[in-house]
S.K.: 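Before we start, here is the structure in question, set down as structure tokens.
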Amino acid sequence: MIENSSENIPITKEMIVDKIDAELAEFTGSTPVANRGIEFEDKLEALTLIRNALYNLPIPHELHPFIFNHENILREAFLFWLDEAVKTMPLDRLALSYDCAANWLTEVRHEYRTALLRERLAGEHQAFLEEERQKTPDEIIEDAWKITCMADLLTVLTNGGLEPQEIDALLTIEHPLHTIFGDFLPKDNENHLYALTDIALEVAQTRHNDLVTGNIDLQPEDAVTKQHLEEYLKFYGGPAYSAEQDVPDHEPEWDMELEP
């Protein structure tokens, strides 16, 4: 499960801001004023600029709990500063702070969506195994190849290697594990592990093409699809779906306002 140390308390951006401020205050108080040198002051300025950037950048509501669970938000974002500061001269510190904050948020979103997909796939695989356990020994033997392939597919998809857009596309599929296996089944492949990887990417790309062109037929029971469809189209672009397709036609709530 994706951890939420807040114990289901709704996490707001203000709570994230308070946590960032506490981290900055801890760093500021870590060294007495009399002992501070140029290196300390330089880092303090960078952390302050990154904090301000995080104040002003929009953060999707779905990421609030995930970000709040990060122990060192500023320290993680500052690593991007260290990487970029040595590459760019002269240094535009304000622009760099926004780049660092935005890059960190992009990485956090990828981590969150990856964890979400892994959780979905694991649940789907567990449900598949429970169904198999209800079958007779002869039926299980007959399904042995499918059981093996489903396990291998779960391993392939949860070991990384998928791009953020591929992960987002798979999240809009009600049963991604079975969908990918269904595309794999009619293919004749000597090395099924490599084949499963390629087919997973094909399924993600096909799903993306269908979503952005409106070539998708939603069913009333596709609850997961409806949950992720609008945010996918918001992020990657595509046609708006009408209420007749049983998908809300309003835009999802994104925290787009800038802090004053």
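Numbering starts at 1 and runs along the sequence shown. Below, each value reflects all heavy atoms present in this structure, side chains not excepted, and no hydrogens, waters or symmetry copies. Keep in mind that this is a model prediction, so the values were computed, not measured.
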S.K.: With no hydrogens and no angle check, just 3.5 Å: does a side-chain donor-acceptor pair link Glu130 and Gln134?
M.R.: no
S.K.: Is any side-chain N of the basic residue among Arg36 and Asp42 closer than 4.0 Å to the acidic one's carboxylate O?
M.R.: no
S.K.: Quick one: CD1 on Ile67 to CD1 on Ile20, what's the gap to the nearest 0.5 Å?
M.R.: 8.0 Å
S.K.: Output the distance between atom CG (Leu170) and atom NE2 (His175), rounded to the nearest 0.5 Å.
M.R.: 14.0 Å
S.K.: Please determine whether salt bridge (Lys or Arg N to Asp or Glu O under 4.0 Å) holds for the pair Glu62 and Arg113, giving the CA-CA distance in whole Å, both sets of side-chain angles, and the decisive distance to 0.1 Å.
M.R.: CA-CA 10 Å; Glu62 66 168 351; Arg113 304 291 284 182; 3.1 Å; yes
S.K.: What I want to check is whether the side chains of Tyr98 and Asn52 have a donor and an acceptor closer together than 3.5 Å.
M.R.: no
S.K.: For the ring pair Phe27 and Phe40, is the centre-to-centre distance below 6.0 Å?
M.R.: yes
S.K.: Hydrophobic clustering (ILVMFWY, side-chain heavy atoms < 4.5 Å, transitive) - are Trp145 and Leu154 grouped together?
M.R.: yes
S.K.: Do Asn209 and Gln205 have side-chain N/O donor and acceptor atoms under 3.5 Å apart?
M.R.: yes
S.K.: NE2 of His64 to OG1 of Thr12: how many Å apart, nearest 0.5 Å?
M.R.: 7.5 Å
S.K.: Mind listing the closest non-hydrogen atom pair of Ser97 and Ala53 along with its distance?
M.R.: O-CB, 3.7 Å
S.K.: Less than 3.5 Å apart, which donor and acceptor atoms pair up between the side chains of residues 71-82 and the rest of the protein, not counting sequence neighbours?
M.R.:
from	atom 1	to	atom 2	distance (Å)
Glu76	OE1	His70	ND1	2.9
Glu76	OE1	Trp104	NE1	2.8
Glu76	OE2	His70	ND1	3.1

S.K.: Salt-bridge test for Lys146 and Glu132: reply yes if a basic N is under 4.0 Å from a carboxylate O, no otherwise.
M.R.: no
S.K.: Could you tell me whether Lys13 and Asp18 make a salt bridge, using a distance below 4.0 angstrom between a side-chain N and a carboxylate O?
M.R.: no
S.K.: Report the residues that fulfil ring pair (Phe, Tyr, Trp, His ring centres under 6.0 Å) with His110, sequence neighbours left out, ordered by chain and then residue number.
M.R.: none
